[in-house]
Amino acid sequence: MRTVSIIKLIFCSVIFFTTTVQATESVKVTNAWSPEAPSVTKVMAGYMQIHNNSDKDIKIISAKSPLFDRVEIHLTKMKNGMMSMIKQKNLNIPAHKIVELKPGGLHMMLMGRKQEIKSGSTIAVTLTFDNGENINVTLNVKEARQEELHHHHHHHM
Amino acid sequence: MQPEEKGSVRNFILLASIGILSLVIGIWASQKLLVTNNDTRIPANLDATVLPHARPLTGFSLLDKNNQPFTPQQLNGHWSFLFFGFTNCPDVCPTTLKVMQAVWATLPTKKGEPGHPQLYFVSVDPDRDNSQNLKPYVEFFNPEFNAVTGKLNEIDKLTNQIGILYGYDEKDGDKDKDYIVNHSAQIILVDPKGRMRAVISPPHIAKTIAANFQTIQTFYGD
């Protein structure tokens, strides 16, 4: 009987563990980072790759971080000759696809920074999906290197 | 000579003089008034869009990161990169400033040396940006960089001449301080006479911008 309890305990721990790490069976987040920003601004960007390894489309419906008042996802897009940031209410990650958040495209907008964040530190963000899953993502704060900063525009004005 | 013939000679000399004078004036005038081929030649094979006729920038009055005047006068004597944004911009503006930081690292000149350019980040969001926050913001990327802003109607005097667009997304109730500003992302190159000379459109790649600038600077001179 004790063995069964222990097994149940281990089983529950494993389930609990897997639903809160940077990966679940269906979703994995890689290369999560944020460029260090001037300390005079309270807004930072987050970039990453979100992998959906499942057979179903899933959506990110919200995001939050203990270091910021608000976290949103925006798309940088040329509109009427101007760069526009279009807030994404939900971010759809199609089945078996990778959605990339990168400079000049989709990005996480972290607003209302609560404390100083320097390169070398990390930012914890929790992504909530429409299937009820939560994923904790750790953004590495870096000095941005030039190679990571190409604007990828696949459309013309 | 007969008196009649003397008159004809005099007339002839008069007409000839008028003729030569007209020719001389005509040549002088054509050199001064017509644009010669040299003025509209542009360097070839560039990603940047070079204007065949440099466009003088006039009549704006803004303040820079040290609260000093930023007017057409400040654009004289050196090449300048101008681009437009706001400090609450998480993606495009910091990314562009990082690219320009990389461009600066490749420049063969140092600050104060002849041929060394300057950079001005123009904030189109004077409600939230002023010299107090613009100075540390832009100097985070390079202490040489300058940033300017001012009253909207003065900003418009500059953006209208260049063709830069900007606008505010609807302010959203209690999230008033978090509004987004939409803005053109072109980098503008201004020559040492304070005239708009080239437009650098996204994607902004440091190596390309640096190479284009060298070509343009060599072609037109300091």
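To find a chain, count down the sequence lines: A is the first, B the second, and so on, and within it residues start at 1.
Heavy atoms only, all atoms of each residue included: B:C89 and A:V43 are closest at N-CG1, 4.2 Å. Across all their heavy atoms, A:Y47 and B:P90 have their closest contact at OH-O, 4.3 Å. When every heavy atom of B:T87 is checked against every heavy atom of A:T41, the shortest pair comes out as O-CG2, 3.2 Å.
The candidate with the highest count of non-hydrogen atom pairs below 4.5 Å against chain B, out of A:L110, A:V40, A:D69, is A:V40. Ranked by heavy-atom pairs under 4.5 Å with chain A, the list B:P136, B:S201, B:G167 is led by B:P136. Looking only at heavy-atom pairs under 4.5 Å with chain B, the residue among A:M85, A:M108, A:M111 that has the most is A:M85.
Of the atoms belonging to A:S84, heavy atoms from both backbone and side chain fall under 4.5 Å from chain B. The part of A:M44 that comes within reach of chain B is its backbone (N, CA, C, O), which places non-hydrogen atoms under 4.5 angstrom from that chain. With a 4.5 Å cut-off on non-hydrogen atoms, B:F141 touches chain A through its side chain but not through its backbone.
Scanning for salt bridge (Lys or Arg N to Asp or Glu O under 4.0 Å) contacts around B:E144 gives an empty result, with sequence neighbours left out. Annotation: salt bridge (Lys or Arg N to Asp or Glu O under 4.0 Å) contacts of B:D191 (sequence neighbours excluded): B:R195.
Note that the CG atom of B:N133 and the NZ atom of A:K42 stand 10.0 Å from one another [nearest 0.5 Å]. Of the inter-residue distances, the one linking B:Q186 atom CD with A:M83 atom CE reads 9.0 Å to the nearest 0.5 angstrom.
Annotation: A:E100, atom CD; neighbour count of heavy atoms from other residues, nucleotides and ligands within 6.0 Å is above 12. The 12-atom threshold is exceeded at CD of B:E113, counting heavy atoms of other residues, nucleotides or ligands nearer than 6.0 Å. Residue A:K118 places its NZ atom among more than 12 non-hydrogen atoms of other residues, nucleotides or ligands, all under 6.0 Å distant. Sparse packing is recorded around NZ of B:K193, with 12 or fewer heavy atoms of other residues, nucleotides or ligands lying under 6.0 Å away.
Between A:M109 and B:I180, the closest side-chain pair of non-hydrogen atoms falls below 4.5 Å.
Remark: the backbone N or O of A:G104 is paired with a side-chain donor or acceptor of B:D91 at under 3.5 angstrom.
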